[in-house]
Q: 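One structure, pasted below without further comment.
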Amino acid sequence: MSAHADRFAGKKAVVTGAAQGIGLAVARRLAAESAETVLVDRAEPVREAANDLKAHAVLADLETYAGAQAAITEALALLGRIDVLVNNVGGSIWFKPYEHYTPDEIQAEIQRSLFPTLWTCRAVLPHLIEQRAGTVVNVSSVATRGINRIPYAAAKGGINALTASLALETAPYGIRVVATAPGGTDAPRRRVARGPAPGTDQERTWSRQVVDQTVGSSLMKRYGSLDEQAAAICFLASDEASYITGTVLPVAGGDLG
């Protein structure tokens with residue numbers, strides 16, 4: 001990671017889904033670049049991650065509006081204001097053709113990958129409007145055009161629409177709303193699993209098809225790194241991107257989703 005030591009000096013940032021993966025990489029980079037940061041997650045390891053970064057931890061379930069509102073309220077109490085919000089919660093739970101999803105599974109995928117961003121944007125918005133400043137970076141995905149995860153793709157399509165529409169509404173208040181669309185990303189084994197591991201040969205085949213399509217769609221024919229994802233997110237969150245809003249930036253080795 002090549003950090004810009006003082007890029008976020010004096011800035012107050014909130015990162016959701018920050019206990020591991022892309023969220024933790026973003027929180028780590030923000031802290032290295034002098035932001036005072038709140039890490040939000042519903043998994044207990046967020047406390048350890050925040051302690052390592054000399055940051056704040058907030059435990060919250062963002063799949064409900066009450067959880068999102070409580071998280072933003074606590075973050076404001078800790079920070080005094082919010083300059084940057086990175087909405088990173090989400091991730092496929094199952095990998096299989098759409099006809100094999102149950103209605104409950106479809107609901108769970110949307111609840112996981114769309115509602116935390118919807119709710120957290122809604123919770124933070126009155127504060128950002130009042131201070132007439134702030135940047136929201138949503139984490140979408142190029143999987144909006146991907147196989148064996150249609151409900152997740154639909155949720156991330158919703159993130160893209162939210163980003164474009166909210167940017168339009170909030171620009172008069174000096175607020176920027178942007179997103180990245182990560183492709184496949186190498187990460188350590190998750191400490192808290194998103195869902196059950198493939199248990200049958202058929203499930204393993206469906207999961208392998210996702211990997212093959214992800215790599216095949218990338219012009220660079222590889223997965224990205226956590227640092228590559230964090231670099232793009234932190235650029236969009238910074239004042240260097242002050243004339244960028246409403247944009248979804250693919251970070252996927254040339255795969256545009």
Q: Side chain of Glu240, backbone of Phe235: donor and acceptor closer than 3.5 Å?
A: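 No, the answer is negative, given that no donor and acceptor are paired below the 3.5 Å cut-off.
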Q: Using atom types as modelled and distance alone, determine if a side-chain donor or acceptor of Ser113 lies under 3.5 Å from a backbone N or O of Gly91.
A: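 Here the side-chain-to-backbone pair exists.
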Q: Please examine the side chains of Ser140 and Thr180, heavy atoms only from C-beta on, and report whether any two atoms are closer than 4.5 Å.
A: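 Heavy-atom side-chain distance check fails, nothing below 4.5 Å.
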Q: Any side-chain heavy atom of Asp83 sitting closer than 4.5 Å to one from Thr135?
A: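 They are not in side-chain contact.
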Q: Is the closest side-chain heavy-atom distance between Cys121 and Val136 below 4.5 Å?
A: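 Yes. Closest side-chain heavy atoms under 4.5 Å.
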Q: Any sub-3.5 Å donor-acceptor pair from Thr185's side-chain atoms to Gly183's backbone N or O?
A: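 Indeed, once roles are kept as given, a pair shorter than 3.5 Å links the two residues.
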Q: Has Glu36 got a side-chain atom pairing as donor or acceptor with Leu79's backbone, closer than 3.5 angstrom?
A: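 Side chain of Glu36 to backbone of Leu79, a donor-acceptor pair under 3.5 Å: no, none is there.
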Q: Kindly give the heavy-atom pair with the smallest separation between Leu62 and Ala71, and that separation in Å.
A: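 Residues Leu62 and Ala71, closest heavy atoms: CD2-CB, 3.9 Å.
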Q: Any chance NZ of Lys54 has more than 12 other-residue heavy atoms, nucleotides or ligands included, within less than 6.0 Å?
A: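 12 or below, so no.
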Q: For the side chain of Arg176 and the backbone of Val137, is there at least one donor-acceptor N/O pair under 3.5 Å apart?
A: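 A pair under 3.5 Å: no.
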Q: Please check if the side chain of Ser34 supplies one atom and the backbone of Ala5 the other of a donor-acceptor pair under 3.5 Å.
A: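 Flag set: sc Ser34 to bb Ala5 pair under 3.5 Å.
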Q: I want to check something: taking the side chain as every heavy atom from C-beta on, are Ile175 and Val177 in contact at a cut-off of under 4.5 Å?
A: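 Result yes, sub-4.5 Å side-chain heavy-atom pair found.
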Q: Compare all side-chain heavy atoms of Asn138 with those of Val178 and state whether any distance is below 4.5 angstrom.
A: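 No; the side chains remain at least 4.5 Å from each other.
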Q: Going through the checks in order, is the side-chain contact (heavy atoms from CB on, under 4.5 Å) test met by Val124 and Ile82?
A: CA-CA 8 Å; Val124 80; Ile82 295 172; 3.9 Å; yes
Q: Does the side chain of Asn88 pick up a donor-acceptor pair with the side chain of Thr16 at under 3.5 Å?
A: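 Distance-only check fails for Asn88 and Thr16.
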Q: Do His56 side-chain atoms and Thr37 backbone N/O form a donor-acceptor pair below 3.5 Å?
A: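 Checking the backbone N and O of Thr37 against the side chain of His56, no donor-acceptor pair under 3.5 Å is found.
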Q: Quick check: are there more than 12 heavy atoms from other residues, nucleotides or ligands sitting under 6.0 Å from NZ of Lys11?
A: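 No, NZ of Lys11 has 12 or fewer neighbouring heavy atoms, counting only those of other groups under 6.0 Å.
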Q: Is a donor on one side and an acceptor on the other found under 3.5 Å between the side chain of Asp41 and the backbone of Ala18?
A: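 Looks like yes, one N/O pair under 3.5 Å.
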Q: For atom CZ of Arg204, decide whether the heavy atoms of other residues, nucleotides or ligands shown that lie under 6.0 angstrom number more than 12.
A: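 Yes.
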Q: Please step through side-chain contact (heavy atoms from CB on, under 4.5 Å) for the pair His127 and Ile72, ending with a clear verdict.
A: CA-CA 9 Å; His127 168 70; Ile72 293 299; 5.7 Å; no
Q: For Trp206 and His100, take the angle between the two ring planes, folded into 0 to 90°, and tell me which bin it lands in: parallel under 30, tilted 30 to 60, perpendicular over 60.
A: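 Ring orientation, 0 to 90° scale: tilted.
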Q: State whether Arg208 and Glu203 are salt-bridged, where the test is any N-O pair (Lys NZ or Arg NE/NH1/NH2 against Asp/Glu carboxylate O) under 4.0 Å.
A: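 No.
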Q: Answer yes or no: are there more than 12 heavy-atom neighbours, outside Arg81 itself, under 6.0 Å from its atom CZ?
A: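 It does: Arg81 CZ has more than 12 such atoms within range.
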Q: Taking the side chain as every heavy atom from C-beta outward, state whether Glu44 and Leu59 have any atom pair closer than 4.5 Å.
A: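 In short, these two side chains touch, coming nearer than 4.5 Å.
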Q: Output side-chain donor-acceptor pairs under 3.5 Å for residues 246-257, partner residues at least two apart or in another chain, one line each.
A:
| from | atom 1 | to | atom 2 | distance (Å) |
| --- | --- | --- | --- | --- |
| Asp255 | OD1 | Gly257 | N | 3.0 |

Q: Locate the shortest heavy-atom distance separating Thr64 from Trp119; write the atom from each residue and the value.
A: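 Smallest interatomic distance, heavy atoms only, reads C-CD1, 3.4 Å.
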Q: Within a reach of under 6.0 Å around OH of Tyr65, are more than 12 heavy atoms found that belong to other residues, nucleotides or ligands?
A: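 Buried by this count: over 12 neighbours within 6.0 Å.
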Q: When you compare the side chain of Trp94 with that of Pro196, does any pair of heavy atoms fall below 4.5 Å?
A: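 The answer is yes, as the side chains (C-beta and beyond) meet within the 4.5 Å cut-off.
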Q: Find out whether Asp61 and Pro116 are in side-chain contact, i.e. whether some heavy atom of one side chain is under 4.5 Å from a heavy atom of the other.
A: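 Asp61 vs Pro116: side chains apart.
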Q: Would you call Arg42-Glu63 a salt bridge at under 4.0 Å N-O?
A: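 Salt bridge flag = yes for Glu63 with Arg42.
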